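Counting begins at 1 with the first residue of the sequence. Note that the structure is a prediction, hence the values are computed from the model and not measured. All heavy atoms count here, side chains included; hydrogens, waters and symmetry mates do not.
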Amino acid sequence: MEDKHETNFHIKNISAREILDSRGNPTIEVEVQTKYNRGIASVPSGASTGKYEAVELRDGDKSRYNGKGVKNAVNNVNKIIAPKLLGRDVREQRAIDDLMIDLDGTKNKSRLGANAILGISLAVAKAAANSQDIPLYRSLSNGEPSLLPVPMMNVINGGKHAGNQLKIQEFIILPVGADSFAEALRIGVEVYHSLKNLLKKRYGPSATNLGDEGGYAPPMKNSYEVFDALIDAIEQAGYTAGDELWLGIDAAASEFYDSKDKLYTLDGKSLNRDSLLYYYEDLVEKYPICSIEDPLYEEDFQGFAEMTQLLGKRVQIVGDDLFVTNVERLMRGIKLGGANALLLKVNQIGSITEAIDAATLALKNDYNVIVSHRSGETDDTYIADIAVALQTGQIKTGAPARGERTAKYNRLLQIERELGTKSIYAGRRFLHT
């Protein structure tokens, strides 16, 4: 005879629908219902995407949303995947994710769509947490989570995230010199507003237009100009760069790399790999930079290894497009000594189980892990819970502006309050290179 309590965890219904992300493009939202509870999750989308990412299924029907609709992914949830999962226990996350991966049957989830699979995967995780009456960060954790992450705030946007001349995609501040996440957030916000005033004064009102992730998109021409402005903004806010705040970049170098000529176009110059490495070394010499993401083309594992040898003891070298949250590519990087940090984006791989496996592998091999949003976001806050659950000590979720970004910061404030005296702010601890 079946335990009536156990039936509370069984999936009774799964439904998906089309909603909009922060760029006004369609994405998928999934609801998983148990007897008394439910989990609802929505899937983000990237602009600067690695070519090895799991496939985000789009309809291609130009008569709707310029071909970006996700009705096919919605139908795959409702008509193909859902019937296979009815009656399954939402606490069996790995078994459910494995079933969906097998059902898809492709290496990159191109049949059913990574967006369809991930929407269910996340909604199942939330339903499991709600059915046990515990927060998601505790449900996903193997221990007692207590570490609140350093917010890596993208305050100046370039590349595909903005309409200016900057090739580097993100310029980041990290408020490490705080005693709590709440204090770190306050420091970051104060610098963000200081930067706004500085940019408006130097470049005019249009300089404070926002990019996709809430960072400003000023008419700057080179990276040194950006860093000088950041240093000044930090000082004008009453802080010291290299003390309370450190700096970082996401170069997204694949976006300014010419695979035919094997050259990078950056700050008005054409650079080969060696020249680009010297460029990064010069930046690190001149400014208090502690994190460099995707400094080279996504295929250049050897170049990443050389950069890690050159700068890896001073800064974290982060693989995003290089690893795409994929265990196989991460293992290759570990063997070659390429990078020393993983950017964790669950929609790159397409299930929460696979994302956690990648994070676990990285941490076991002394790689830092940064849980990250995407440039096309929703107001779903699950990455805040994942960062705390895995105790990664770092999170990237944009500037402290735009509702889809601040939702994650506000969720972390809520988690810190829930943890009370048990909470620990990662601060400078995260950088153990």
Problem set entry | Residues, nucleotides or ligands: over 12 heavy atoms within 6.0 Å of Y278 OH | no
Exercise. L277 and side chain to side chain contact (heavy atoms under 4.5 Å, CB included): which partner among L311, L296, N272?
Worked result: L296
For this session: Write down the atom of R405, the atom of G376, and the distance for their closest heavy-atom approach.
Result: NH2-N, 4.3 Å
For this session: Run the numbers on E298 and V324 for side chain to side chain contact (heavy atoms under 4.5 Å, CB included), then give the verdict.
Result: CA-CA 9 Å; E298 62 195 343; V324 292; 5.7 Å; no
Problem set entry | Of all pairs that satisfy salt bridge (charged side-chain N to carboxylate O under 4.0 Å, His left out), the ones with a partner from residues 386-403, not counting sequence neighbours | E170-K396, D250-K396, E293-K396, R402-E404
Less than 3.5 Å apart, which donor and acceptor atoms pair up between the side chains of residues 384-394 and the rest of the protein, not counting sequence neighbours?
from: D385; atom 1: OD1; to: R411; atom 2: NE; distance (Å): 2.9
from: D385; atom 1: OD2; to: Y137; atom 2: N; distance (Å): 3.0
from: D385; atom 1: OD2; to: R411; atom 2: NH2; distance (Å): 2.8
from: Q391; atom 1: OE1; to: S146; atom 2: N; distance (Å): 3.1
from: Q391; atom 1: OE1; to: L147; atom 2: N; distance (Å): 3.2
from: T392; atom 1: OG1; to: Q394; atom 2: O; distance (Å): 3.1
from: Q394; atom 1: OE1; to: Q316; atom 2: NE2; distance (Å): 2.7
from: Q394; atom 1: NE2; to: Q316; atom 2: OE1; distance (Å): 3.1

Exercise. Are any of the side-chain nitrogens in R138 or E418 under 4.0 Å away from the carboxylate oxygens of its partner?
Worked result: no
For this session: Give a yes-or-no answer on whether the side chains of S121 and Q93 include a donor-acceptor pair shorter than 3.5 Å.
Result: yes
Exercise. Is D267 close to S223 at the side-chain level, that is, under 4.5 Å between some pair of heavy atoms?
Worked result: yes
Problem set entry | D243: salt bridge (charged side-chain N to carboxylate O under 4.0 Å, His left out) partners, not counting sequence neighbours | R428
Can you give each donor-acceptor pair under 3.5 Å made by side-chain atoms of residues 112-119, sequence neighbours left out, with the distance rounded to 0.1 Å?
from: N115; atom 1: OD1; to: L57; atom 2: N; distance (Å): 3.1
from: N115; atom 1: ND2; to: L57; atom 2: O; distance (Å): 3.0

For this session: Answer yes or no: is there a side-chain heavy-atom contact under 4.5 Å between V315 and S291?
Result: no
For this session: Give the minimum heavy-atom separation between A399 and G215, together with the two atoms involved.
Result: CB-N, 3.7 Å
For this session: Say whether, by atom type as modelled, one donor and one acceptor occur between the side chain of K167 and the main chain of F256 under 3.5 angstrom.
Result: no
Exercise. Do we see a donor-acceptor contact under 3.5 Å between the side chains of Y257 and T265?
Worked result: no
Exercise. Taking atom types as modelled and ignoring hydrogens, do the side chains of Y297 and D258 form a donor-acceptor contact shorter than 3.5 angstrom?
Worked result: no
For this session: Could you label the plane-to-plane angle of the F301 and F323 rings as parallel, tilted or perpendicular, counting under 30° as parallel and over 60° as perpendicular?
Result: tilted
Seminar exercise, completed: Interatomic distance, OG@S254 vs NZ@K51, rounded to 0.5 Å, equals 8.5 Å
Exercise. Looking at CG of N25 and CG of N66, how far apart are the two atoms once the value is rounded to the nearest 0.5 Å?
Worked result: 8.5 Å
Problem set entry | Separation between CD of E235 and CG of L245, rounded to the nearest 0.5 Å | 11.5 Å
Exercise. Of all residues at least two apart in sequence or in a different chain, which pass the salt bridge (charged side-chain N to carboxylate O under 4.0 Å, His left out) check with R273?
Worked result: D300, E306
Exercise. What residues form a side chain to side chain contact (heavy atoms under 4.5 Å, CB included) with A241, not counting sequence neighbours?
Worked result: I231, I234, P288
Seminar exercise, completed: Taken to the nearest 0.5 Å, the spacing of R329 CZ from L322 CG works out to 6.0 Å
Exercise. To the nearest 0.5 Å, how far apart are CG in D179 and OH in Y425?
Worked result: 10.0 Å
Problem set entry | Residue pairs passing the salt bridge (charged side-chain N to carboxylate O under 4.0 Å, His left out) test where at least one lies in residues 189-209, sequence neighbours excluded | R186-E190, R202-D232
Exercise. Does any N or O in the side chain of R374 come within less than 3.5 Å of the main-chain N or O of S45, such that one atom is a donor and the other an acceptor?
Worked result: no
Problem set entry | Flag side-chain contact, heavy atom, 4.5 Å: E377 against E213 | no
For this session: State whether a side-chain donor-acceptor pair under 3.5 Å links N209 with S206.
Result: no
Problem set entry | Under 3.5 Å side-chain donor-acceptor pair for Y52 and E299 | yes
Problem set entry | Working for side chain to side chain donor-acceptor pair (under 3.5 Å), residues T378 and D380 | CA-CA 5 Å; T378 74; D380 200 327; 5.0 Å; no
Exercise. CG/N197 to CD/Q236 distance, rounded to the nearest 0.5 angstrom?
Worked result: 8.0 Å
Exercise. Strictly by modelled atom types, are D212 and S375 linked by a side-chain donor-acceptor pair under 3.5 Å?
Worked result: no
Problem set entry | I120 vs M100, side chain to side chain contact (heavy atoms under 4.5 Å, CB included): CA-CA, chis, key distance, verdict | CA-CA 9 Å; I120 295 177; M100 291 191 290; 3.6 Å; yes
For this session: Give a yes or no on whether the ring-centroid distance for Y264 and Y279 is below 6.0 angstrom.
Result: no
Exercise. Between A123 and V30, what is the shortest heavy-atom contact and its length?
Worked result: CB-O, 3.6 Å
Problem set entry | Test ring pair (Phe, Tyr, Trp, His ring centres under 6.0 Å) applied to F227 - qualifying residues, sequence neighbours left out | F171, Y287
For this session: May I have the step-by-step check of side chain to side chain contact (heavy atoms under 4.5 Å, CB included) for I383 and T397, ending in yes or no?
Result: CA-CA 9 Å; I383 64 167; T397 188; 4.0 Å; yes
Exercise. Can you name the ring pair (Phe, Tyr, Trp, His ring centres under 6.0 Å) partners of Y239, sequence neighbours left out?
Worked result: none
Exercise. Are side-chain N/O atoms of T325 and Q348 paired as donor and acceptor at under 3.5 Å?
Worked result: yes
Problem set entry | Crowding at CD, E328 (>12 non-hydrogen neighbours, <6.0 Å) | no
Exercise. Side chain to side chain contact (heavy atoms under 4.5 Å, CB included) with D102: which residues, sequence neighbours excluded?
Worked result: none
Problem set entry | salt bridge (charged side-chain N to carboxylate O under 4.0 Å, His left out) involving E244 - partner list, sequence neighbours excluded | none
Problem set entry | Minimum heavy-atom distance between R17 and S15, given as atom pair plus value | NH1-OG, 3.9 Å
Seminar exercise, completed: Closest non-hydrogen atoms of S259 and K262, given as atom of the first, atom of the second and distance, are O-CG, 3.7 Å
Problem set entry | Minimal non-hydrogen separation, G319 against F304, with atom names | CA-CE2, 4.5 Å
Exercise. Among all residues two or more places apart in sequence or in another chain, which pass the salt bridge (charged side-chain N to carboxylate O under 4.0 Å, His left out) test with R94?
Worked result: D357
Exercise. More than 12 non-hydrogen atoms from neighbouring residues, nucleotides or ligands closer than 6.0 Å to CD on E281, yes or no?
Worked result: yes
For this session: Could you give me the CA-CA distance, side-chain angles and deciding distance for K345 and D320, then say whether salt bridge (charged side-chain N to carboxylate O under 4.0 Å, His left out) is met?
Result: CA-CA 8 Å; K345 294 175 174 174; D320 175 17; 2.8 Å; yes
Exercise. Do side-chain atoms of Y216 reach the backbone of Y192 as a donor and acceptor pair under 3.5 angstrom?
Worked result: yes
